[in-house]
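Each remark here refers to the structure printed beneath this line.
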Amino acid sequence: MGPAEGRLQLPDVIERAQRLGLVGRRADIAREIDRCGPFVDVLAEIAAEETTVVDLGSGNGLPGLVVATTLPVRVILVEVGASRAAFLRWAIGSLGLGGFVEVAEGKAEVLAREPSLRCCAQAVVARSFGPPATTAECAVGFLAPGGSLIVAEPPGEGERWPAAGVGELGLRDLGPREGGVRHLILAGAVDDAWPRPAPRPRRSPLFGR
């Protein structure tokens, strides 16, 4: 899938995000887009027909818009900030992605319990949503059984995904992948306990205190 002819291209959209302060002023836009490649690589291995991908804390649209313009999947961009959500809706229209990309505006902890979004996704991606425990807890509410969590992993951070901690959420860590992302899977159905109501996932993380 990709933008319809005559629509803006992804670099144009991310350039606007930069002007709005959603991307670093000195960041190289092409490089920012390229950094999303590892998410696409892992998703390409697991995506099938009618795959739904949730992008947690989408903000400037990375990596969600890269995924949507590269792979034939449905993408849900989760964003709590009203101005960022408005930008994402503009981006969807400008790229001609309406119909298979949408914005879910609100706190991830709340949205993950809405019937239409609960366990809706075969994959969740997160680039800078929060620390591991918060990201994992919010992500599992969106994941269908067997679904994947693919999250950006800063270099040199040591062990951030303890087996006991992710296991409490029903996740199994498949380890780091090339390009600075980590791949975890939801081993079975998500427990109804997760995620806890806001702000507990952020203020009282299950691990990594």
Side-chain angles (χ1 to χ4, degrees), residues 1 10-11 14 17 22-24 27-48 51-79 88 101 108 112 120-187 190 194-195 201-202 205-208:
M1 294 182 182
L10 185 57
I14 303 306
L22 305 180
V23 177
D28 183 288
I29 291 174
R31 185 178 181 187
E32 291 298 308
I33 293 172
D34 286 345
R35 284 176 174 173
C36 299
F39 290 96
V40 173
D41 292 342
V42 177
L43 287 169
E45 296 175 7
I46 62 176
T51 290
T52 294
V53 178
V54 166
D55 180 10
L56 278 187
S58 191
N60 57 24
L62 301 174
L65 293 177
V66 177
V67 172
T69 55
T70 306
L71 299 174
V73 296
R74 175 189 179 217
V75 178
I76 301 173
L77 307 173
V78 171
E79 176 53 50
L88 292 171
V101 182
C120 71
Q122 287 69 50
V124 172
V125 295
R127 191 177 182 205
S128 56
F129 179 75
T134 302
T135 300
E137 184 172 349
C138 291
V140 293
F142 295 101
L143 284 174
S148 294
L149 169 60
I150 307 160
V151 60
E153 184 79 317
E157 291 290 331
E159 181 49 65
R160 306 198 312 153
W161 303 89
V166 298
E168 187 175 358
L169 294 166
L171 292 167
R172 182 162 59 90
D173 182 14
L174 300 184
R177 297 289 301 268
E178 186 175 353
V181 297
R182 199 169 195 95
H183 187 187
L184 303 94
I185 61 170
L186 183 64
V190 62
W194 315 119
R202 300 175 188 277
L206 295 173
F207 55 90

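Please read these numbers as outputs of a predicted model, since none were measured by experiment.
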Measure from the side-chain N and O atoms of Ser58 to the backbone N and O of Val78, and report whether any donor-acceptor pair falls under 3.5 Å. no
Check Ala112 against Cys138 and note the closest heavy-atom contact, atom names and distance. CB-O, 4.1 Å
Nearest non-hydrogen partners of Ala136 and Leu171, listed with the distance: CB-CD1, 3.8 Å
Do Val42 and Ser148 pass the side-chain contact (heavy atoms from CB on, under 4.5 Å) test, and can you show the C-alpha distance, the side-chain angles, and the key distance before you say yes or no? CA-CA 9 Å; Val42 177; Ser148 294; 5.9 Å; no
Would a 4.5 Å heavy-atom cut-off, applied to side chains only, mark Arg182 and Arg160 as touching? no
CZ/Arg177 to CD1/Ile150 distance, rounded to the nearest 0.5 angstrom? 8.0 Å
Please check: side-chain N/O of Asn60 versus main-chain N/O of Leu22, any donor-acceptor pairing under 3.5 Å? yes
Which pair of heavy atoms, one from Trp194 and one from Glu168, lies closest together, and at what distance? NE1-O, 3.4 Å
For Arg31, does its backbone N or O pair with a side-chain atom of Asp28 as donor and acceptor, under 3.5 Å? yes
Are the side chains of Val166 and Phe207 in contact, using a 4.5 Å heavy-atom criterion? yes
Between CZ on residue Arg172 and NE2 on residue His183, distance to nearest 0.5 Å: 9.5 Å
Could you tell me whether Glu178 atom CD has more than 12 heavy atoms of other residues or ligands within 6.0 Å of it? no
Are side-chain heavy atoms of Val66 and Phe39 found at a separation under 4.5 Å? no
Interatomic spacing from OG1 in Thr69 to CD1 in Ile33 - rounded to 0.5 Å: 8.0 Å
Measuring only between side-chain heavy atoms, which start at C-beta, is Leu186 closer than 4.5 Å to Leu149? no
In short, Phe129 meets Ala108 closest at the heavy-atom pair CZ-CB, 3.9 Å
Minimum-distance pair of heavy atoms, taken over all atoms of Pro195 and Gly141: CD-CA, 4.1 Å
Heavy-atom check, side chain of Val67 versus side chain of Leu43, under 4.5 Å: yes
Taking it one step at a time, do Trp161 and Val151 satisfy side-chain contact (heavy atoms from CB on, under 4.5 Å)? CA-CA 11 Å; Trp161 303 89; Val151 60; 3.4 Å; yes
Hey, could you give me the CG/SG distance between Leu10 and Cys36, rounded to the nearest 0.5 Å? 8.5 Å
Could you tell me if the side chain of Leu65 sits less than 4.5 Å from the side chain of Leu77, heavy atoms only? yes
Between CG of Leu56 and CD of Glu79, what distance do you get to the nearest 0.5 Å? 10.5 Å
For Thr52 versus Gln122, what's the shortest heavy-atom pair and its separation? N-OE1, 2.7 Å
